[in-house]
Structures are given as structure tokens and as C-alpha cells.
Amino acid sequence: MSQGTWSAVDAYFNGHLVEEDEALTAARESSVAAGLPAHEVAPNQGKLLHLLARLGGARRVLEIGTLGGYSTIWLARALPEGGRLVTLEADPVCAATAAASIARARLGHVVEVREGRAAETLPQLAEEMRERGLEPFDLVFIDADKPSNPEYLEWALRLTRPGSLIVGDNVVRDGAVVSPDTGDARVDGVRRFAELVGADPRLEATALQTVGSKGYDGFLVALVTG
């Protein structure tokens with residue numbers, strides 16, 4: 001099968017099952033205008049994240065890696081009244097672009113965009129949660145720099161509870177995930193992430209390969225059980 005076929009199939013299902021409104025379209029267009037890489041999830045993948053959050057009854061969501069805010073909007077729209085989403089972004093251009101798109105989608109009261117390296121903002125977030133007695137996160141979406149995925153998993157486990165969901169994006173890497181000697185730190189990070197998830201008795205997980213408009217990749221989904 002070709003990339004053209006994959007994209008056509010995505011377009012077919014998106015046309016029948018996924019409603020991408022003006023705010024979502026504008027978020028994608030703003031990312032392009034700002035010169036951001038085209039790494040955001042596809043519309044059907046955004047809808048999947050939205051449904052996962054709703055199925056889990058998520059009230060608090062943490063997103064590690066905001067980019068232009070496209071997936072942020074999908075996730076934030078899944079939250080009930082009083083829900084909250086915190087999204088972490090290291091790049092100031094990405095953070096500003098996302099904040100504008102989130103405001104345009106009228107979700108500024110739901111979403112907090114925190115600018116800075118996640119290695120620094122995650123400890124700060126954990127300390128704030130402890131001091132303020134905030135509830136753990138019900139869903140964590142990890143979609144940032146892949147070499148740091150093992151570190152992000154560690155923080156996700158600290159900031160969640162049994163019943164929470166951890167979702168990692170881009171775990172197939174065009175099939176490179178099966179190769180231990182690529183010399184690519186992104187592949188190494190994903191492999192270590194998967195190995196740590198599989199070895200952790202507190203997690204039940206699976207991974208799904210995906211093809212579509214975003215190419216050949218996949219998601220890892222883990223349920224926190226202990």
C-alpha cells in the first residue's frame with residue numbers, strides 16, 4: 001500500500017466520522033503559518049484521544065508536548081464542566097501559537113499552557129499539586145521529544161493513580177522501533193519507554209500500529225493499575 005492510499009482512507013473516515021470545525025482547522029493553519037513542524041496528530045487520531053478521555057471520565061489531563069495546540073483542543077473538549085488540562089511546551093513559538101489557538105477555541109478557561117522544558121516544569125507541577133492538594137491526572141498524553149520518553153513515563157506514574165491512562169504517540173517510528181542499533185536517540189527513547197512500560201507491574205498496556213495521513217507510526221496505551 002502507498003502513502004496516497006493511506007491518506008485517502010484517512011480522508012474517507014474523517015469525512016464520515018470526524019467533525020473538524022473552524023477552531024481545529026485554524027489551529028492547524030496557524031501552526032503552518034508559524035513555521036511549526038507538521039507533527040500534530042491527524043484529525044482521526046485527535047478524535048481517538050478525545051474519545052479515550054471521555055471513556056475514562058477524565059477530569060484532569062496532562063499533555064507533555066503542546067506543539068500548536070491541535071491535540072490540546074481535542075482533549076480539552078472531552079472534559080466535563082470544571083475539568084482542567086495542563087499542557088507543557090518547551091518552545092516559546094509553539095507555546096504562543098498554541099495559546100492563541102486555544103483562546104480562539106474558547107478553551108482558555110480550561111487549558112493552562114506552561115512554557116519551559118518539561119524536565120523543569122514537571123517537578124514544579126508535582127510540587128504545586130502536593131502543596132495545593134490537587135487530584136492526580138486521569139490521562140497523560142506524551143508527545144514530546146522521544147529521547148526523554150522514559151523520564152516522562154516516570155513523571156506520568158508519579159502524577160497519576162490507578163485507573164488513569166497514559167498514552168504515548170509516535171512509538172513505531174516508521175518501523176525503526178524493532179531495530180536496536182539505529183543510532184537514533186528518538187528510536188532508543190521509544191524502545192526504552194516500551195520496555196519500561198512492559199516491565200512495570202503497575203501498568204497494563206498495548207501498542208497499536210497506525211497508517212494514514214501521518215505516515216506509518218503508532219500509539220502505546222497503558223492503564224495504571226497499581
Side-chain angles (χ1 to χ4, degrees), residues 1-15 17-18 20 24 27-29 31-32 34-52 63-72 74-75 87-91 93-94 97-98 117-119 139-154 156 165-200 203-222:
M1 291 293 180
S2 67
Q3 178 62 57
T5 300
W6 297 345
S7 296
V9 172
D10 262 8
Y12 170 80
F13 283 119
N14 287 338
L17 303 175
V18 181
E20 190 184 40
L24 287 164
R28 287 196 292 104
E29 292 173 347
S31 292
V32 172
L36 306 188
H39 293 165
E40 75 278 354
V41 299
N44 52 341
Q45 295 170 340
K47 183 67 173 288
L48 174 63
L49 294 172
H50 175 91
L51 292 175
L52 288 173
E63 180 181 50
I64 304 175
T66 316
L67 194 61
Y70 184 79
S71 56
T72 316
W74 275 112
L75 285 165
T87 184
L88 311 180
E89 177 53 53
D91 186 287
V93 175
C94 290
T97 303
R117 294 179 61 250
L139 187 151
V140 178
F141 180 44
I142 301 173
D143 191 16
D145 57 306
K146 307 313 173 192
S148 299
N149 268 13
E151 181 180 358
Y152 297 151
L153 174 63
E154 180 181 346
L165 202 62
I166 300 171
V167 181
D169 195 13
N170 307 125
V171 298
V172 173
R173 314 300 306 175
D174 248 344
V177 69
V178 301
S179 303
D181 302 314
T182 63
D184 187 331
R186 295 167 298 180
V187 175
D188 293 343
V190 166
R191 285 173 59 86
R192 184 60 182 151
F193 174 62
E195 291 162 3
L196 288 170
V197 169
D200 197 310
L203 296 171
E204 286 285 345
T206 191
L208 298 173
Q209 300 180 73
T210 61
V211 295
S213 60
K214 307 304 291 187
Y216 175 34
D217 220 311
F219 290 96
L220 187 151
V221 181

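The shown structure was predicted, so the numbers you read here are calculated from the model rather than taken from an experiment.
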Any sub-3.5 Å donor-acceptor pair from [X]'s side-chain atoms to [Y]'s backbone N or O?
X    : Y    : result
T66  : G69  : no
N14  : P43  : no
K47  : L17  : yes
R117 : A90  : no
D200 : L196 : no
Q3   : G212 : yes

- Task: Start with the C-alpha gap between E40 and S31, add the side-chain angles, then the distance that decides, and say whether side chain to side chain donor-acceptor pair (under 3.5 Å) holds.
- Result: CA-CA 9 Å; E40 75 278 354; S31 292; 5.3 Å; no

Could you list the residues that satisfy salt bridge (Lys or Arg N to Asp or Glu O under 4.0 Å) with [X], not counting sequence neighbours?
X    : value
D169 : none
D217 : none
E195 : R192
E154 : R158

- State which residues pass side-chain contact (heavy atoms from CB on, under 4.5 Å) with Y216; sequence neighbours excluded, sorted by chain then number.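 side-chain contact (heavy atoms from CB on, under 4.5 Å) list for Y216, sorted by chain: W6, V172, D174, Q209, V211.
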
- Item | Results of side-chain contact (heavy atoms from CB on, under 4.5 Å) for V171 - residues two or more places apart only |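 Checked V171 against side-chain contact (heavy atoms from CB on, under 4.5 Å); matches are V190, F193, L220.
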
- Message: Pair T97, V93 - check side-chain contact (heavy atoms from CB on, under 4.5 Å), show working.
- Response: CA-CA 6 Å; T97 303; V93 175; 4.1 Å; yes

- Message: Looking at R186, I'd like to know if its CZ atom is crowded, meaning that more than 12 non-hydrogen atoms belonging to other residues, nucleotides or ligands lie closer than 6.0 Å.
- Response: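 Counting neighbours around CZ of R186, 12 or fewer heavy atoms of other residues, nucleotides or ligands fall under 6.0 Å, so no.
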
- Message: Is a donor from one side chain sitting under 3.5 angstrom from an acceptor on the other, for Y70 and E20?
- Response: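 Indeed, the side chains of Y70 and E20 share at least one donor-acceptor pair under 3.5 Å.
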
Which atom pair, heavy atoms only, marks the closest approach of [X] to [Y]?
X    : Y    : result
V187 : A176 : CG1-O, 3.4 Å
I64  : A118 : CG2-CB, 4.1 Å
A156 : I166 : CB-CD1, 3.8 Å
E89  : G65  : OE1-C, 3.9 Å
S213 : S7   : CA-OG, 3.5 Å

- Apply side-chain contact (heavy atoms from CB on, under 4.5 Å) to the pair V41 and F141, showing each step before the final yes or no. CA-CA 12 Å; V41 299; F141 180 44; 4.1 Å; yes

To the nearest 0.5 Å, tell me how far [X] [atom1] sits from [Y] [atom2].
X    : Y    : atom1 : atom2 : result
I142 : F219 : CD1   : CZ    : 12.5 Å
D143 : Y152 : CG    : OH    : 10.5 Å
R191 : D184 : CZ    : CG    : 11.5 Å
H39  : N170 : NE2   : CG    : 8.0 Å
D188 : S179 : CG    : OG    : 10.5 Å
D91  : L36  : CG    : CG    : 7.0 Å

- Where do V197 and L153 land on the side-chain contact (heavy atoms from CB on, under 4.5 Å) test, with the steps shown first? CA-CA 8 Å; V197 169; L153 174 63; 3.7 Å; yes

